[in-house]
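Starting from 1, each residue takes its place in the sequence as its number.
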Amino acid sequence: MTSTELAPTTGHTAPVRHRRAEPDVLTATGERISASAARKLRESVPRNSRDARSSRWSSYSQWCAIYGWATDEPNAVASYLSDLGDRGHPSKTLEAHYGTIRALRAVQGSPLGEAEIKACQMLISHRAGEEADDPLVEPGPLQADAVTLEELRLMVRTVDRTTVRGKQVAVTLLLDWWMAGRASEPARLNLHDVKLATVRVKDEAGRKVPRRALIVKIRRSKADQKARGKEVTVFAQDDTEICPVHAAQEWLDVLADDGQLVPGPFLRRIDRHGNIGARAAGRHTKDPNRRGGITAETVNDIIKAAASAAGLTQQVTPEERAAAARARKEAYAAAAAADTAEEANAIIKTWRAGVRAARAAVRRITGHSMRRGWIQTALDAGTPPEIVALHSRHSLKSSAFDAYRRRKLPLHQNPTLTLTLAA
C-alpha cells in the first residue's frame with residue numbers, strides 16, 4: 001500500500017490526497033521511509049564510496065557463507081579480518097573493511113561488542129607489523145606517483161594544441177595540476193565556475209601590480225559533501241606552455257567559435273568527428289545537467305594517456321596482460337584445490353605479494369598524480385604547509401595531508417652533511 005501526502009490547501013477546502021508514484025521503502029531496521037528520501041540519502045554518499053562499501057560488505061557476506069558464519073555473529077568480523085591478512089591484504093585494506101562492516105552492522109541493529117572492536121584493532125595492528133617485517137614486499141599502500149612541473153610540461157607537449165581536442169586535453173592537464181585537483185573536481189566544473197580575471201597583487205617593492213588569473217569555484221568535492229564551496233585562485237605563468245590561464249582562454253575560444261558559451265559543463269566531451277558537448281556522439285552521463293560534460297574517468301584517462309605518451313609510464317603489453325591473468329587463474333585454482341583454508345590463504349598471499357612487487361617496481365601515474373605533484377612541488381619550494389593546505393582544500397589535521405608532509409629532508413639540510421666530529 002502506498003503512502004499519501006496532503007496537498008497545500010486554502011480556506012476550508014478539503015485536503016486532496018495524492019498517491020505517490022513510488023511506494024515507501026523499509027530501512028535495514030524495518031522502519032518506513034519515503035522512496036524520495038531513501039534515494040537522496042543514498043545519493044548523498046559519493047558513488048565511489050557507495051561502490052566501495054557495497055563491495056566490502058559483499059566480500060564479508062561471501063566469506064561468512066563459505067565458512068559458516070552468520071553476518072551478525074560475534075567475532076565474525078575479527079575472523080574475517082584475520083583471513084584478509086592471511087591472504088596478503090595490507091593493513092589499510094583491513095582497516096577499510098573493518099570501518100565499513102562495523103558501521104553497517106550498527107545500522108542493521110547488530111553492533112560490534114567492545115571486546116570484538118578491540119580484537120579487530122589488534123588484528124589490524126598485527127597485520128601492519130607483519131608488513132613492516134616482510135623482507136619481500138615494501139610496506140604501505142601503493143600510491144600514485146607525483147607529477148612534477150617538468151613532467152607536466154612533457155605531458156602537455158604530447159598533444160597538438162592547434163586542434164580542438166589538443167586544447168581540451170591541455171586545459172584539463174594544466175587546470176587539474178595547478179588547482180591541485182582531484183579528478184572529479186575539474187570534471188564537475190561548470191562554465192560559470194571558471195572566470196578569467198585581472199587581480200592586483202603586491203610586488204617585492206610593495207606596489208600593487210595587475211596579474212591575470214583564473215578564479216575557480218569548486219562547489220562540491222570529496223571533502224566538502226555539504227557543498228559549502230571553495231574558491232581557488234590560479235595565477236598566470238610567464239611560460240604559456242604550462243600556463244593554465246592561457247590554456248583556459250584557448251578552450252573558451254573553442255567554445256565561443258562553436259557557439260557553446262552557454263550554461264553547462266566547463267570541460268566538454270569531443271567525439272572523433274570533432275563534435276563538442278551534447279552534440280558529440282557516444283554515451284553521455286546519466287545526469288541530464290551534465291550532459292555533454294566529461295567525467296572523472298575521462299580526466300583520469302587523459303592523464304594516463306599523456307603520461308604514457310611522454311614516456312613517464314610503461315605500457316602493459318597484451319602478452320604481459322595475458323600472463324598476469326594466467327597467473328591469477330592458476331593461483332586461485334591451486335587455492336581451491338588446497339586441503340585447508342590456511343594452505344589456500346598462503347597460496348593467494350604469495351600470488352598477491354608477487355603482483356604487488358611488480359606494480360611497485362614501475363611508476364603509477366593516475367588522476368591523483370596531479371594533485372600529489374602540485375602539493376609536493378609547493379612544499380618542496382618552501383611554501384608553508386598551512387598555505388598549501390588552504391589551496392588544496394585540506395585540513396591541517398588530515399592524515400592524507402600529513403602523508404604529503406612526510407617527505408625526505410633536502411640533501412643540503414641533512415644533519416650528517418654538516419655535523420663534523422674530531423677523529
Applying side-chain contact (heavy atoms from CB on, under 4.5 Å), run through Val388 and His391 and close with a yes or a no. CA-CA 5 Å; Val388 175; His391 185 83; 5.9 Å; no

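- Looking only at distances, no side-chain donor or acceptor of Trp63 sits under 3.5 Å from a matching main-chain atom of Ser58.
- The pair Arg279-Asp271 fails the salt-bridge criterion, with no side-chain N (NZ, NE, NH1 or NH2) lying under 4.0 Å from an Asp/Glu carboxylate O.
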Mind running ring-ring contact (aromatic ring centres under 6.0 Å, His included) on Trp178 and Phe235 for me, showing each step along the way? CA-CA 9 Å; Trp178 285 101; Phe235 283 104; over 10 Å; no

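- Across every non-hydrogen atom of Val262 and Arg268, the tightest pair is O-NH2, 2.8 Å.
- Closest heavy-atom contact between Ser184 and Ala296: CA-CB, 3.7 Å.
- Note on Glu241 versus Arg161: no salt bridge recorded, every NZ/NE/NH1/NH2 to OD/OE distance being 4.0 Å or above.
- For the pair Lys230 (side chain) and Leu390 (backbone), a donor-acceptor distance under 3.5 Å is present.
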One pair to check against salt bridge (Lys or Arg N to Asp or Glu O under 4.0 Å): Asp203 and Lys208. What are the steps and the verdict? CA-CA 6 Å; Asp203 63 9; Lys208 288 190 174 182; over 6 Å; no

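- No side-chain donor from either of Ser36 and Glu22 sits under 3.5 Å from a side-chain acceptor of the other.
- Classification of Glu297 and Lys304 as a salt-bridged pair fails, no side-chain N sitting under 4.0 Å from a carboxylate O.
- Formation of a donor-acceptor pair under 3.5 Å by the Thr240 side chain with backbone atoms of Cys243 is not found in this model.
- The side-chain hydrogen bond (donor to acceptor under 3.5 Å, both in side chains) test with Asp193 singles out one residue from Arg188, Arg219, Lys217, and that residue is Arg219.
- At a cut-off of 3.5 Å, with distance as the only test, a side-chain donor of Arg352 or His89 sits close to an acceptor on the other residue.
- Judged purely by distance below 3.5 Å, without hydrogens or angles, the side chains of Thr313 and Arg363 never pair a donor atom with an acceptor atom.
- With ring centers used as reference points, Trp69 lies 6.0 Å or more from Tyr80.
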Please walk me through it: do Arg105 and Ser110 pass side chain to side chain donor-acceptor pair (under 3.5 Å)? CA-CA 5 Å; Arg105 281 274 301 265; Ser110 57; 3.1 Å; yes

Side chain to side chain donor-acceptor pair (under 3.5 Å), that's the test. Do Ser79 and Ser82 meet it? Break it down for me. CA-CA 5 Å; Ser79 300; Ser82 179; over 6 Å; no

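- In terms of heavy atoms, Leu379 sits closest to Pro385 at CD2-CA, 4.0 Å.
- Tested against Leu174 for a side-chain contact (heavy atoms from CB on, under 4.5 Å), the candidates Val245, Val234, Leu152 yield a single pass: Leu152.
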Report the C-alpha distance between Thr100 and Tyr60 in whole Å, list the side-chain angles of each, state the deciding distance to 0.1 Å, and finish with yes or no for side-chain contact (heavy atoms from CB on, under 4.5 Å). CA-CA 10 Å; Thr100 295; Tyr60 171 63; over 6 Å; no

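- Using a 4.0 Å cut-off between charged nitrogen and carboxylate oxygen, Arg32 and Asp24 count as a salt-bridge pair.
- Counting heavy atoms of neighbouring residues, nucleotides and ligands inside a 6.0 Å radius, atom CD of Gln315 does not exceed 12 of them.
- Taking each heavy atom of Leu81 and His97 in turn, the nearest pair found is CD2-CB, 4.2 Å.
- In this structure, Lys167 NZ and Asp253 CG are separated by 8.5 Å, a value rounded to the nearest 0.5 Å.
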May I have the step-by-step check of side-chain contact (heavy atoms from CB on, under 4.5 Å) for Asp86 and Lys349, ending in yes or no? CA-CA 7 Å; Asp86 289 344; Lys349 184 175 184 179; 5.8 Å; no

Step-by-step side-chain contact (heavy atoms from CB on, under 4.5 Å) determination, Ile347 to Tyr332: CA-CA 8 Å; Ile347 292 169; Tyr332 275 89; over 6 Å; no

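- At distances below 3.5 Å, not a single donor-acceptor pair connects side-chain atoms of Thr172 with backbone N or O atoms of Val299.
- Across all non-hydrogen atoms, the minimal contact from Ile303 to Thr366 is CG2-O, 3.5 Å.
- A side-chain N or O of Gln260 and one of Asp258 form a donor-acceptor pair less than 3.5 Å apart.
- Smallest separation of non-hydrogen atoms from Ala280 and Arg269: O-NH1, 3.4 Å.
- At least one donor-acceptor pair closer than 3.5 Å links the side chain of Glu320 to the backbone N or O of Thr317.
- Counting non-hydrogen atoms of other residues, nucleotides and ligands closer than 6.0 Å to CD of Gln314 gives a total of 12 or fewer.
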